[in-house]
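Encoded as structure tokens, the structure appears first; notes follow it.
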Amino acid sequence: MKNGTQVVHGTEHRALEPGAAINWDDVRLFLKAAEHSSFRAAAAEVRLSVNSFRRRIEALERQVNAVLFNRSAKGVELTAEGEKVRAAGIAMLQQARMLAHMSQKKKPGLRTTVRIGVTEGIGTFWLIPRLVDLYTSKPGIQVDLRCEMRAPDISALEVDLAVQLERPTDPTLVVTRLGWLHIVLYASRDYISQHGAPSKKAELPNHSFIELVAEQIPSEWLQTDATERDTRSFVALRVNTSSAQVLAVTHGAGVTALPNYAHILSDSLVHVAPDFVLKRDIWLAYNQQAAEFPHVRTVIDWMKASFNVARYPWFGSSFLTPDELTEFMKQRNQAGLFAKFIESTPL
């Protein structure tokens, strides 16, 4: 080091000027790299090229005037200075969370916003119909519902709470199980009239299959359970959203895997190959600091009620067949659970 400069990765870096601003987004990327011990994996999660991600990390290293990662063919590992920056970055996150929610304090004439991250299928086909209950009871809350197949970054303040199928690994989050999804196979009446229906999962390769491929959706589980054949031998259509999947199956494009309550959305859907059932966890995750704000706490309570097993037993640990589910709804006078939703949905 000489004249206020330091050599990092073979390049002279000028020491950080007192009071110089640190790029918060670079710190966020740094924390992702530390979490994954890999620039490539972290870059993929935040949807940046590896080269762009690497340049952002190097820019942060120039700002803090230190090497933050030891690089190797196996990945990256935090240096002693990197560990210090990581601790400071986590502390910054905690303060940012508090500031973000302080700005949400209720102002006259304005709604308080709660951002929810959720998989597209659960968000579109389950939570949207339930939102009416929330608006009726708490008209002062605005919901920002972000339906995506990737798991949102709660720690980086993308959302206040998330409903996801993969359990978050961040130990600072509050994580609770909302219930389970029981996935079964469906085909439309039109498809069955033309091609017949698979009576068991072993017959699936003989039919056109609609495959959903996205984060949090391990489609290989179904392939492993149903057949050992190459997916190219029976996958007729591959989509990356649940809405496209539902539209495809209801229009007779093939057989697909959907939650056991999916037939409620459309009379055209028929449960097929009843020996196939796939069970997935449904997790709710949020920051403890966020839950201290009344509007966020209200939405957390509403979310838990939306998966209440006593009222909606298809989210329970025990599997209900679509026929059993329909019978339960008739007994509880819940036959119109999706009535308004179905009328407005072009299925």
Side-chain angles (χ1 to χ4, degrees), residues 24 28 31 35 89-181 216 261 280-317 334 337 341:
W24 159 245
R28 179 179 69 86
L31 292 174
E35 176 187 344
I90 291 173
M92 288 171 62
L93 267 176
Q94 293 172 341
Q95 293 302 313
R97 290 169 187 154
M98 293 300 295
L99 288 172
H101 286 287
M102 285 177 65
S103 69
Q104 286 291 308
K105 287 183 178 178
K106 187 169 179 62
K107 302 177 180 65
L110 297 180
R111 294 173 181 263
T112 50
T113 301
V114 179
R115 297 166 299 172
I116 303 172
V118 61
T119 59
E120 194 230 359
I122 294 176
T124 302
F125 298 111
W126 181 252
L127 290 183
I128 288 291
R130 315 272 78 73
L131 278 172
V132 176
D133 298 333
L134 180 62
Y135 293 154
T136 301
S137 61
K138 299 293 179 180
I141 293 178
Q142 178 189 77
V143 173
D144 182 351
L145 190 66
R146 305 182 181 188
C147 300
E148 295 186 77
M149 302 311 292
R150 70 178 184 90
D153 191 339
I154 310 171
S155 300
L157 308 177
E158 285 187 12
V159 296
D160 299 308
L161 60 138
V163 178
Q164 53 194 75
L165 304 180
E166 298 291 341
R167 182 176 183 137
T169 57
D170 186 343
T172 67
L173 299 178
V174 178
V175 180
T176 184
R177 191 196 304 275
L178 285 175
W180 292 264
L181 273 184
Q216 303 192 67
Y261 59 84
R280 298 294 310 277
D281 299 300
I282 308 174
W283 301 101
L284 171 66
Y286 55 89
N287 295 301
Q288 182 60 55
Q289 293 94 331
E292 294 174 2
F293 291 87
H295 59 292
V296 177
R297 183 75 253 174
T298 294
V299 175
I300 289 173
D301 292 340
W302 165 79
M303 187 68 73
K304 291 179 178 179
S306 296
F307 291 87
N308 184 297
V309 174
R311 187 176 184 187
Y312 311 118
W314 44 92
F315 292 121
S317 178
Q334 293 182 340
L337 195 61
F341 185 70

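Everything quoted here is computed from the prediction, not taken from an experiment. For this chain, numbers begin at 1 and follow the sequence in order.
Summarising the geometry of Asn308 relative to Ala310, their closest heavy-atom pair is OD1-N, 2.8 Å, with the distance given to 0.1 Å. Listed here is the closest heavy atom pair of Pro168 and Val175: CD-CG1, 4.0 Å. The minimum heavy-atom distance between Thr176 and Lys304, with the atom names listed, is CG2-CE, 4.3 Å. In plain terms, the two heavy atoms of Gly123 and Leu145 that are nearest each other are O-CD2, 4.2 Å. Heavy-atom minimum distance, Ile116 versus Met303: CG2-CE, 3.8 Å.
Of the possible polar contacts, none joining the Thr124 side chain to the Gly121 backbone as a donor-acceptor pair under 3.5 Å is found. Checked by atom type and distance alone, the side chain of Asp160 pairs as donor or acceptor with a backbone atom of Arg115 at under 3.5 Å.
Taking 4.5 Å as the limit, every side-chain heavy atom of Trp283 sits out of range of all side-chain heavy atoms of Leu178. Side chains of Tyr286 and Ile300 form a contact here, defined as non-hydrogen atoms less than 4.5 Å apart. Looking at Phe307 and Ile282, their side chains come closer than 4.5 Å, going by heavy atoms from C-beta outward. Side-chain atoms of Leu284 and Gln164, non-hydrogen and from C-beta on, never get closer than 4.5 Å to each other. A heavy-atom distance below 4.5 Å is not found between the side chains of Val114 and Asp144.
Rounded to the nearest 0.5 Å, atoms CD1 (Ile122) and OG1 (Thr119) are 3.5 Å apart. For the atom pair NE2 (His295) and CD1 (Ile141), the distance works out to 7.5 Å, reported to the nearest 0.5 Å.
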> Step by step, would you call Val174 with Asn287 a side chain to side chain contact (heavy atoms under 4.5 Å, CB included)?
Replying inline: CA-CA 6 Å; Val174 178; Asn287 295 301; over 6 Å; no

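In this structure, Tyr261 has its ring center no closer than 6.0 Å to that of Tyr312.
Of the charged side-chain nitrogens involved, at least one lies within less than 4.0 Å of a carboxylate oxygen, so that Glu166 and Arg280 count as a salt-bridged pair. Between Asp281 and Arg167 there is no salt bridge, since no side-chain N of the basic residue sits under 4.0 Å from a carboxylate O of the acidic one.
Not counting sequence neighbours, the partners of Ser306 by the side-chain contact (heavy atoms from CB on, under 4.5 Å) test are Trp126, Leu127, Arg130, Trp302.
Among the candidates Val159, Leu161, Val118, the single residue satisfying the side-chain contact (heavy atoms from CB on, under 4.5 Å) test with Pro152 is Val159.
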